[in-house]
Amino acid sequence: MKAIVWQGTNHVGVETVPDPTLLLPTDAIVRITSTAICGSDLHLLDGYIPSMEKGDILGHEFMGEVVEVGSAVKKVRVGERVIMPFNLACGVCDPCQRGLFSACDNSNPNHRMAEALYGATSASGLFGYSHLFGGYAGGQAQFVRVPFADVSCFAIESDLRDDQVLFLTDIFPTGYMAAENCAIVPGRDVVAVFGAGPVGQFAVRSAQMLGAAEVIVIDRVPERLRLAEAAGARTINYDETDVLVALHEATGGRGPDHVIDAVGLEAHGHGPGALLDTAEQKMRLSFDRITALRWAILSCAKGGTVSMPGVYGGLVDKMPLGAAFNKGLTFKMGQTHTHRYVRPLLQRIQQGEIDPSFVITHRAALSKGPELYKTFREKHDGCIKVVLDPWA
Amino acid sequence: MSMNSAGGGQRVTPPDQRSTGASMAGAERGLVGVMGVFLLTAGVRSGSAVQKLVFSGLGAGLTALALSGRSPVATALKIRQNADGETLVSDAVTIGKGADELYAIWRRFENLPSLMKHLERVEVLDERRSRWTVKAPAGYSGGEVSWEAEMTADEPGRRIAWQSLPDAQIENSGEVQFRAAPGNRGTEVLVRLKYRPPGGTTGVVVARVLGQEPSQQLRDDLMRFKREQELGGYHPTTEGQSSGRASKGGQA
């Protein structure tokens, strides 16, 4: 089959690789009909998530049709149209029982590697996202092996298009959980969203669905800001204005009640902190550039929430913890517990509350994937979200 | 609010498990001390300012370490020892099954090698004694290490403890405890081991770097045990999956 393969930092390519096979009786094989490039794939491209190996198949947002199931698979049927959350969960361990699917105890065969790097218990396995997170082959390919099939596969029976349900596998639940974590008081709370990429866009719309009085979006890419404005958000271009001053004034000196950092470890920005972060990251002294997080903490209102859907990788310094402490902020973060959001958000799509395909700007054949990785990273050509067709 | 209402409190760390880091054995200390003094002397005598600084700095550092007797590498690697110089290893895992069930599986010692990859075999000799065989660490002659152990405690559904018999190749003792986890979460399994490593603290450091040291093996084995119980034997794996490596001959 054809697959997009990681060939080294800043190198991805389309290669012909063996078709996946069932490795366990609990696996399924899915023929992929749509697959996307996610913002967090760029951290792999840029080499900021350690433990990638040459030849790893990328991709963690995809959907398709079940073509084979293992002997222990009970619910999933061949021929079913399914979507798969990007994180893998066993469904039986204590975190899974509590709905904390991205903290599954059992799905990462390389848990020891993650524990050694992060100094603590590991996160769940992830599709196509380095050996730290299990080393599972991803779905930017024509077929994928789906572990824990009965827990992973969600059947889509309606006539909704792939474009409308594909993002239930990651960016829609990720933006939604980021907003839900803010515990927004409807009609009163102002929410600021740093980063107007795909996750930021879903965070904006989710905050609105959850009743935010106002949503303010911070980015510097004009088309991203325009897309947020189209949803009714106010916007700040941080290249043109001082973010902290603008947010202070826009909220009558209170600051936004909650702030969502939809940027994560590759933040751009201004000021000495941003310069120092960049220098340290270039020298591989640190994994993370935390300008967005710093701005989030400094701008957030007293008693507010800093919600972090953006990915962080390592140890962080120069974090204004004193400000956070004195304002009594709550921090909520982590990989999305995607499984728990699939059905409720699917319902919102079916009821016409949201059509997730609004973020798609680029569609192409899988073979164009490597070019589009670059287009997406450089934010050229108005690129916000890329969907690839593995069979075109 | 505590679910552990029966019998009141309990000390988390028993006295014989106390540790603050790892110290060096006498011979190791002597060697580090000699190296320290040698470097210090070389540094002081050196004509080059840079050499003077580097050598005397290193020399002073090593000498200080030898005097203190602490092994910074071992301590940094979180290798723990008690006052008797025994290396301590412990780990715990919560498993979504009942204590009686898990205890019963452990109590059948001869079955343990199927759960613990690092155990070669266990032969039950009589009611209290058994013979244990593990793969030897790299550099240890014979390929295998084995010893006889005697059970020192057997409390069904709660605890099993053992102690190696006097002529053991590696002197060791240990216990495994089973305790109901609060809130119907299954059972907390706690394993504590003590052993005298061949090669002193340095031996433990080398084994840790080679990935063959008991604390790493214990963690692997406990997670394997948990997954065996919770996933019905279907351990997560990526072995044999497709990748771009296979297409160029040879899968990683």
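Side chains included, hydrogens not; waters and symmetry mates left out as well; all remaining heavy atoms used. Just so it is clear: chains get the letters A, B, ... in the order the sequence lines come, proteins before strands, and each one is counted from 1.
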- Task: Answer yes or no: is there a donor N or O on one side and an acceptor on the other, between the side chain of B/R245 and the main chain of A/K54, under 3.5 Å?
- Result: yes
- What part of A/T26 gets closer than 4.5 Å to chain B, counting heavy atoms only: side chain, backbone, both or neither? side chain
- Message: Is A/A3 in contact with chain B via its backbone, its side chain, both, or neither, using a 4.5 Å heavy-atom distance?
- Response: neither
- Item | Option that, when pairs with chain B are counted at under 4.5 Å, heavy atom only, ranks first among A/V144, A/V92, A/D19, A/L24 | A/L24
- Message: Is it the case that over 12 heavy atoms from other parts of the model lie below 6.0 angstrom from the CZ atom of B/R158?
- Response: no
- Query: So how far is it from B/D220 CG to A/H111 NE2, rounded to the nearest 0.5 Å?
  - Reply: 5.5 Å
- Query: Can you tell me how far the CD1 atom of B/I95 sits from the SG atom of A/C93, to the nearest 0.5 Å?
  - Reply: 12.0 Å
- Message: Using a strict threshold of under 4.0 Å (side-chain N to carboxylate O), is an ion pair present between B/R227 and A/D105?
- Response: no
- Query: Tell me, side chain or backbone of A/Q97 under 4.5 Å from chain B's heavy atoms, or both, or neither?
  - Reply: neither
- Message: So B/T237 and A/P109, do their side chains get closer than 4.5 Å, heavy atoms only?
- Response: no
- Heavy atoms of other groups near A/K332 NZ, more than 12 under 6.0 Å: no
- Measure the shortest side-chain to side-chain distance between B/M223 and A/R112 over non-hydrogen atoms and say whether it is less than 4.5 angstrom. no
- Query: What's the spacing between B/Y234 OH and A/L23 CG if we round to 0.5 Å?
  - Reply: 13.5 Å
- Taking atom NE2 of A/H11 as the centre, does the number of heavy atoms from other residues, nucleotides or ligands within less than 6.0 Å exceed 12? no
- Query: Is the number of heavy atoms from other residues, nucleotides or ligands under 6.0 Å of A/K368 NZ greater than 12?
  - Reply: no
- Message: So B/S242 and A/F143, do their side chains get closer than 4.5 Å, heavy atoms only?
- Response: no
- Query: Atom CG in A/D56, atom OG1 in B/T238: separation rounded to 0.5 Å?
  - Reply: 9.5 Å
- Indicate yes or no: at least one non-hydrogen side-chain atom of A/D94 is less than 4.5 angstrom from one of B/T94. no
- For the residue pair A/S107 and B/P236, what are the closest heavy atoms and their distance? O-CB, 4.0 Å
- Atom CD1 of B/I105: over 12 foreign heavy atoms under 6.0 Å: yes
- Task: With a 4.5 angstrom heavy-atom cut-off, could you sort out which part of A/P20 is near chain B: side chain, backbone, both or neither?
- Result: both
